[in-house]
Amino acid sequence: ISLVREPVARNIGSFFQNLSEYMPDWKERHRKGALDVDELQASFLANESIHIAADWWFDRQLKPVFGIDVFESAFPREAGYKIYTSAPRASLLLIRLEDLDGCAERAMHEFLGLERFALHNTNIGGEKDYADLYEAFKAKRLPDEYLEKVYGSRTARHFYGPEELERFARRWRQGE
């Protein structure tokens, strides 16, 4: 079972989840008031590995291990999930995070035969020790060049339609 997430939100979440890797002294600097959102955004944009990870993960991690090529067939965006069963070594339930609340119960029933399934939210950025920086970062406008690159990626175009991608881009052009 795996998730796919709106690409820019995924990238920002990954950056903050691993913030100590990108800025080892961020906690001390933040406590002293010496870390601003402009510097965070510059570090975020400079770390290319964050921005390309989603576009290669399926090909480098999932496909060689399980024989599942998620790009081989269309993703049913209206359903919000897809079950891949023709793979030689495993089956996969892939859900768009944005659709999780509306389809998880149905998807889990179809994939695992569960009669009742309930979600419990954990690992929420707004509840972590970087919550104030995270919120300020999400409110800052992202460059158009960056948005075009991320939303033009194969992964973004496969899992999200043009209208969805434009709606996502508007959010980041205006700040959240």
Side-chain angles (χ1 to χ4, degrees), residues 1-19 21-22 43-125 134 137-138 142-173 176:
I1 299 171
S2 189
L3 297 171
V4 65
R5 183 179 182 191
E6 185 270 291
V8 172
R10 188 218 75 83
N11 294 352
I12 293 170
S14 177
F15 177 72
F16 275 90
Q17 186 73 26
N18 300 294
L19 190 55
E21 179 181 323
Y22 301 113
S43 178
F44 170 75
L45 293 170
N47 283 287
E48 185 68 23
S49 63
I50 298 168
H51 314 297
I52 62 171
D55 216 29
W56 60 256
W57 187 85
F58 292 106
D59 288 334
R60 292 192 186 159
Q61 299 294 322
L62 195 66
K63 189 176 177 181
V65 175
F66 299 108
I68 299 170
D69 183 353
V70 300
F71 300 108
E72 192 172 63
S73 59
F75 184 84
R77 297 173 186 145
E78 65 287 342
Y81 71 96
K82 183 171 181 172
I83 297 173
Y84 301 82
T85 57
S86 61
R89 296 183 286 282
S91 294
L92 168 70
L93 168 60
L94 185 60
I95 303 174
R96 291 192 324 177
L97 182 67
E98 297 77 18
D99 299 312
L100 188 60
D101 289 338
C103 72
E105 188 172 2
R106 180 176 65 250
M108 292 299 177
H109 176 72
E110 188 178 333
F111 189 63
L112 297 173
L114 297 177
E115 293 299 323
R116 286 183 293 227
F117 179 81
L119 291 171
H120 301 282
N121 292 331
T122 60
N123 196 20
I124 300 166
Y134 183 65
F137 187 97
K138 291 190 310 180
L142 288 168
D144 287 337
E145 313 81 60
Y146 171 73
L147 297 174
E148 290 166 12
K149 180 179 179 182
V150 173
Y151 292 134
S153 72
R154 173 181 68 151
T155 301
R157 289 178 290 128
H158 184 75
F159 293 108
Y160 299 94
E163 299 82 19
E164 292 170 305
L165 295 173
E166 182 52 40
R167 187 177 71 247
F168 296 150
R170 269 195 312 274
R171 169 188 176 198
W172 300 112
R173 280 187 188 111
E176 190 173 38

Check whether any side-chain heavy atom of R5 lies under 4.5 Å from a side-chain heavy atom of R96, and answer yes or no.
no
Please tell me if the side chains of E6 and R171 come closer than 4.5 Å, counting only heavy atoms from C-beta onward.
yes
Start with the C-alpha gap between V4 and I95, add the side-chain angles, then the distance that decides, and say whether side-chain contact (heavy atoms from CB on, under 4.5 Å) holds.
CA-CA 6 Å; V4 65; I95 303 174; over 6 Å; no
Could you name each residue pair satisfying salt bridge (charged side-chain N to carboxylate O under 4.0 Å, His left out) that touches residues 64-77, not counting sequence neighbours?
K63-D69
Working for side-chain contact (heavy atoms from CB on, under 4.5 Å), residues D59 and F71:
CA-CA 9 Å; D59 288 334; F71 300 108; 4.1 Å; yes
So, taking the atom named CD in E148 and the one named CD in E145, what distance separates them when rounded to the nearest 0.5 Å?
7.0 Å
Run the side-chain contact (heavy atoms from CB on, under 4.5 Å) check on L142 and F44 step by step: do they pass?
CA-CA 10 Å; L142 288 168; F44 170 75; 4.3 Å; yes
N47 versus H51, closest heavy-atom pair with distance
O-CD2, 3.2 Å
CG (D144) and CH2 (W172) are apart, to the nearest 0.5 Å, by 14.5 Å
Closest non-hydrogen atoms of A156 and P7, given as atom of the first, atom of the second and distance, are CB-CG, 3.7 Å
Nearest heavy-atom neighbours spanning Y22 and S14
CE1-O, 4.5 Å
What's the spacing between E105 CD and L100 CG if we round to 0.5 Å?
11.5 Å
Contact check, side chains of S91 and Y84, non-hydrogen atoms, under 4.5 Å:
no
With the side chain counted from C-beta on, respond yes when L94 and L3 share a heavy-atom pair under 4.5 Å apart, and no when they do not.
no
Indicate yes or no: at least one non-hydrogen side-chain atom of L147 is less than 4.5 angstrom from one of V8.
yes
Test item: Y151 and Y146 side chains (from C-beta on) under 4.5 Å apart, heavy atoms:
no
Contacts of R60 that satisfy side-chain contact (heavy atoms from CB on, under 4.5 Å) - sequence neighbours left out
W56
Aromatic ring proximity, centroids under 6.0 angstrom, Y81 and F111
no
When rounded to the nearest 0.5 Å, the distance separating CG of D99 from CZ of F159 is 12.0 Å
Return the orientation label for the F16 and Y134 ring planes: parallel under 30°, perpendicular over 60°, tilted otherwise.
perpendicular
Locate the shortest heavy-atom distance separating L45 from P143; write the atom from each residue and the value.
CD1-CG, 3.8 Å
What pair of heavy atoms forms the shortest contact from D55 to R154, and how long is it?
O-NH2, 3.2 Å
Distance, nearest 0.5 Å, that separates CG of L92 from NZ of K82
10.0 Å
Show the nearest heavy-atom pair for residues L93 and A107, with the distance to one decimal.
CD1-CB, 3.9 Å
With side chains defined as the heavy atoms from C-beta onward, is the minimum distance between V70 and L62 less than 4.5 Å?
yes
Between H158 and S153, is there a side-chain heavy-atom distance shorter than 4.5 Å?
no
Spacing of CZ belonging to R10 relative to CD1 belonging to I50, to within rounding of 0.5 Å
8.0 Å
